[in-house]
Amino acid sequence: FLPRLVASMEGPEESYIMVKPDGVQRGLVGEIISRFEKKGFLLKGLKLFQCPKDLAEEHYKDLKEKPFFPKLIEYITSGPVVCMAWEGAGVVASARKLIGATNPLQAEPGTIRGDLAVQTGRNVVHGSDSPENGKREIALWFKEGEICEWVPAQAPWLRE
Ligand code: GDP
Ligand code: MG
């Protein structure tokens, strides 16, 4: 993934959003995708994917020392996830707002976690926490050729 990571450091802001295995098992894929779609961000990559252990460990490497890390890796690899790449100015912070607080009991109603989840260990969705991590995570989860650059027909109706 290194060449793609270097190549992707410039360009528009992107966030890596992922429906976690509980979201897939509970039939929430369409609901979660539609929140970002309706908001007006641009979908650039989308796939159902069984995450291998080494990828889960790399994705969450900053949490390696946390006591819940082994359970987190077990959770993320417990079934297929839906990987998404979304683009747009401000998409990282806005997606974090749409997703809500890490603990779903503290997440505001109207947010994905606030509406659809009850526990931190089953909080249905991931969103990148910085533009840099957005780039890093998209390069990590998507291969060359899996990202589409396109202009949706609604573009002039979203931005002046
Ligand atoms: P996020 O950015 O809101 O997803 O939260 P973090 O980056 O802090 O943690 C990543 C993920 O690890 C969370 O979304 C949870 O799935 C999981 N996690 C975080 N804290 C805990 C915890 O205290 N217990 C458990 N079981 N999982 C946790
Ligand atoms: Mg995080």
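Side-chain atoms are counted along with the backbone in the values below, which use heavy atoms only and exclude waters and symmetry mates. Indexing begins at 1, ligand by ligand and atom by atom, following the structure's order.
- Salt-bridge formation is detected for the pair K61/E58: a Lys NZ or Arg NE/NH1/NH2 atom is positioned less than 4.0 Å from an Asp or Glu carboxylate oxygen.
- Note that K47 lies in the cation-pi zone of F142, set by a 6.0 Å cut-off to the ring centre and a 45° limit from the axis.
- Using a 4.5 Å heavy-atom threshold, the side chains of H59 and Y16 count as touching.
- No donor-acceptor pair under 3.5 Å is formed between the side chain of E13 and the backbone N or O of E87.
- The side-chain heavy atoms of V92 and N133, taken from C-beta on, include no pair separated by under 4.5 Å.
- For ligand 1, the protein residues within 4.0 angstrom (heavy atoms only) are K20, Y60, L63, F68, L72, Y75, R96, T102, R113, T120, G121, N123.
- A salt bridge links K53 to E57: at least one charged side-chain nitrogen sits closer than 4.0 Å to a carboxylate oxygen.
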